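Step one of this worksheet: look at the structure below.
All values below were derived from every heavy atom in this structure, side-chain atoms included, with hydrogens, water molecules and symmetry-related copies excluded. Model, not experiment: these values are computed from the prediction. Just so it is clear: chains get the letters A, B, ... in the order the sequence lines come, proteins before strands, and each one is counted from 1.
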Amino acid sequence: MRMTELIGKRIKEDPKDAKITSHKFLIRGGYIRPVSAGVYSLLPLGKKIAEKIEKIIREEMNSIHGQEILMPVSLPAELWKESGRYEQIHDELLRFKDRNDKEMLLAMTHEEAVVHLVRSEVNSYKQLPFMVYQIQTKYRDEARPRGGMIRVREFTMKDAYSFHENQESLNDYYQEVYDAYVRIFNRLGMNEVVSIKSDSGMMGGAVAHEFMAITESGEDTVFMSEDKSYRANREIAVAEYDFEGGTPLELEIVSTPGKETIEEVSEYLGVGRKNTGKAVFYVNEKEELIFVMIRGDFEVNETKLKNHLGASVLNFADDEKIKSVGAHPGYASPLALDHKKVRIVVDPSVEGTANLVVGANKENYHYKNFNLQRDLPDAEIVDISTVREGDVCPVTGTPLREYKGIEVGNIFQLGTKYSLPMGCNFLDKNGKSHPMVMGCYGIGIGRAMAAVIEQSHDHFGPVWPVSIAPYELHLCALNYKKDDVRNNADNLYEKLKEAGIDVLFDDRGEKAGFMFNDADLIGVPFRIIVSPKTLKEGKIEFKRRGCRDGELLPVDGNLIKTVKNKIKSEFEKYRL
RNA sequence: CGGGGCGUGGCUCAGUCUGGUUAGAGCGUUGCGUUCGGGACGCAAAGGCCGGAGGUUCGAAUCCUCUCGCCCCGACCA
């Protein structure tokens, strides 16, 4: 591609709306342009990167027997009513009506669509297992898009769906996909992508992994042990605690005038936060009240709690509701609660610690010396605490460290969550009907692009891995108007193209500094500079992105081959 | 959805508090000339409904009301 023809200009200044590195460089380098909040157009450079990412993904999906399909983005609401997600998902699902007043939606994932397709195409165990995938637009009406391409409303995603006779088959295939994902992220040139066990959230199902590109600008929190053998999303991370027991002392009511928070109470009574019990009231989607107790120095992990309760929604209860069961907000206590009206869930931190300060369900009073076994023997004890940095890893026994990551891919074992309600069945050998067992597997294309920049850049711009760089080689002609330069550069450009090298040719005749800065922003890994200076010796300069100095190569019959080999060996780095 | 910030040439911003010639700068763009190895220089030029609507005023980018959009923090989130 000649740069005189390339659409999409570089911008010298940081756009004011961009805060994170990938966002800035994607705009400045002329890769993407904003259209509306969380909605972007891809310029030719961005589109080329997306295509290269997609090509790698296709190769790997095909290698595990995936078959590419394409399903529509707009779907009839009735399909989602079948699965139940039409009601389950609220504002994030964009709904609309067509001219006939028919309810429609824009798909945020394609489980319903693929089940609709498969249930009529596949009905025998002989056809199982198989996997289909697509690379297609998704739409999520995000409450708050952010971070450029990291969190958007409309985005391109590779989503794959596998169908199996039984769980064993799914387990096997799940592992195959897992391995393919590891290969994909390697080939995409991501330095540090870790797989972590994750919560399956609205997708449902039991087993799930997220692939996290570790980078400061990530919006997810990951805990890892020092050797990284233990890795978990904050939502499900667990730690091992060594609680101090002790001899239970007698329950004692104490005056704590106006002290409602853990902080205030612990300060007022001169006890540590870890010697207090925190009471939190939630209501679920059925407006049922749940009383939760955790030690004062911990935070409730609402994901763990939701999973335990099987609740789809959890909100803080209002004071009215809390009072209705005999509790007093600010001074709430597990003691003297009406157990019939409220479910009580207690974290092990409360069980393990003796003589806690808890509320007295009476304004301005707390109890000292609460002991779970004695004072609330029938409590439901479940781990519902949020892990903190430095807590002890349950596997290795070393302190857990906290990292930020971008979720670039995920894999889920869906089981029969969709096939059962939607009637996606097959007949087994005995002619008996069963719902298919499903898995689903996603990778965000735009996110991957952004994540690579976050992990690979300098202050001039991105440093693209050759595997997904918009071009493999950037040919820069300095003083292009001079015959000598033009002839050599034009000639080289044609030869490089003929050799199958993906080459970007800066034929604009700009000044050196201008041209080099643009080149840095485009981030192509290799660069050839044709200039009068080196041509005098019959040479051109070859260098890598980011290196100040390059090497001089003679312009002769071997040049193309030499360059080709250098690029080829660079590609090898992104193979497993 | 709560809190905060911002909307002025393509981009980054000044001007708004304290209303008053023809709304500015730098970058970018176009033309001509000189330059030519890390964002050159000169000359000339194009480009604005000051986000939108209503109001106050002799007069509004500037004050008031409403509205739309965008960004950041939080809530939320396959």
Return the pairing partner of [N] with a 3.5 Å limit on both distances, Watson-Crick or G-U wobble; otherwise return none.
{"N": "rC43(B)", "answer": "rG31(B)"}
{"N": "rU65(B)", "answer": "rA53(B)"}
{"N": "rA60(B)", "answer": "none"}
{"N": "rC11(B)", "answer": "rG26(B)"}
{"N": "rG74(B)", "answer": "rC1(B)"}
{"N": "rC36(B)", "answer": "none"}

Would you mind telling me which of rC11(B), rG28(B), rC70(B) lies closest to the side-chain atoms of K9(A)?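 Among rC11(B), rG28(B), rC70(B), the one nearest the side chain of K9(A) is rG28(B).
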E302(A) has a side chain; which of rC71(B), rC76(B), rU12(B) sits nearest to it?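 My answer, after comparing the listed nucleotides, is rC76(B).
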What does the B/S/- profile of nucleotides 37-45 of chain B look like, 5' to 3', with a 4.0 Å heavy-atom cutoff to protein? BBBB-----
Can you find a side-chain donor-acceptor pair between [X] and [Y] that sits under 3.5 Å?
{"X": "S385(A)", "Y": "N301(A)", "result": "no"}
{"X": "H23(A)", "Y": "Y40(A)", "result": "yes"}
{"X": "S217(A)", "Y": "K404(A)", "result": "no"}
{"X": "N487(A)", "Y": "N491(A)", "result": "no"}
{"X": "Q455(A)", "Y": "T215(A)", "result": "no"}

Residue closer to the 5' end of RNA chain B, G148(A) versus K16(A) (nearest nucleotide):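 That would be K16(A).
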On RNA chain B, nearest-nucleotide positions of E142(A) versus A18(A): which is more 5'?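 Final value for this comparison: A18(A).
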Within this structure, what is the [atom1]-to-[atom2] distance between [X] and [N], rounded to whole angstrom?
{"X": "E13(A)", "N": "rG10(B)", "atom1": "CD", "atom2": "C1'", "answer": "12 Å"}
{"X": "E235(A)", "N": "rA75(B)", "atom1": "CD", "atom2": "C1'", "answer": "14 Å"}
{"X": "E299(A)", "N": "rG74(B)", "atom1": "CD", "atom2": "P", "answer": "15 Å"}

Is the backbone of D297(A) close enough, under 3.5 Å, to the side chain of R388(A) for a donor and an acceptor to pair up by distance?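 Flag set: sc R388(A) to bb D297(A) pair under 3.5 Å.
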Say you pick atom [atom1] in [N] and the same atom in [M]; how far apart are they, in whole Å?
{"N": "rU8(B)", "M": "rG47(B)", "atom1": "C1'", "result": "14 Å"}
{"N": "rG54(B)", "M": "rA45(B)", "atom1": "C1'", "result": "38 Å"}
{"N": "rA23(B)", "M": "rC49(B)", "atom1": "P", "result": "13 Å"}
{"N": "rC27(B)", "M": "rU65(B)", "atom1": "C1'", "result": "37 Å"}
{"N": "rU67(B)", "M": "rG26(B)", "atom1": "P", "result": "39 Å"}
{"N": "rC66(B)", "M": "rG20(B)", "atom1": "P", "result": "25 Å"}
{"N": "rA53(B)", "M": "rU16(B)", "atom1": "P", "result": "23 Å"}

Determine whether the aromatic ring centres of residues [Y] and [X] are separated by less than 6.0 angstrom.
{"X": "W464(A)", "Y": "Y31(A)", "answer": "yes"}
{"X": "F211(A)", "Y": "F185(A)", "answer": "yes"}
{"X": "F526(A)", "Y": "F542(A)", "answer": "yes"}

Taking any heavy-atom pair under 4.0 Å as a contact, classify [X]: base, sugar-phosphate, or nothing.
{"X": "A37(A)", "result": "sugar-phosphate"}
{"X": "K306(A)", "result": "sugar-phosphate"}
{"X": "G550(A)", "result": "nothing"}
{"X": "F155(A)", "result": "base"}

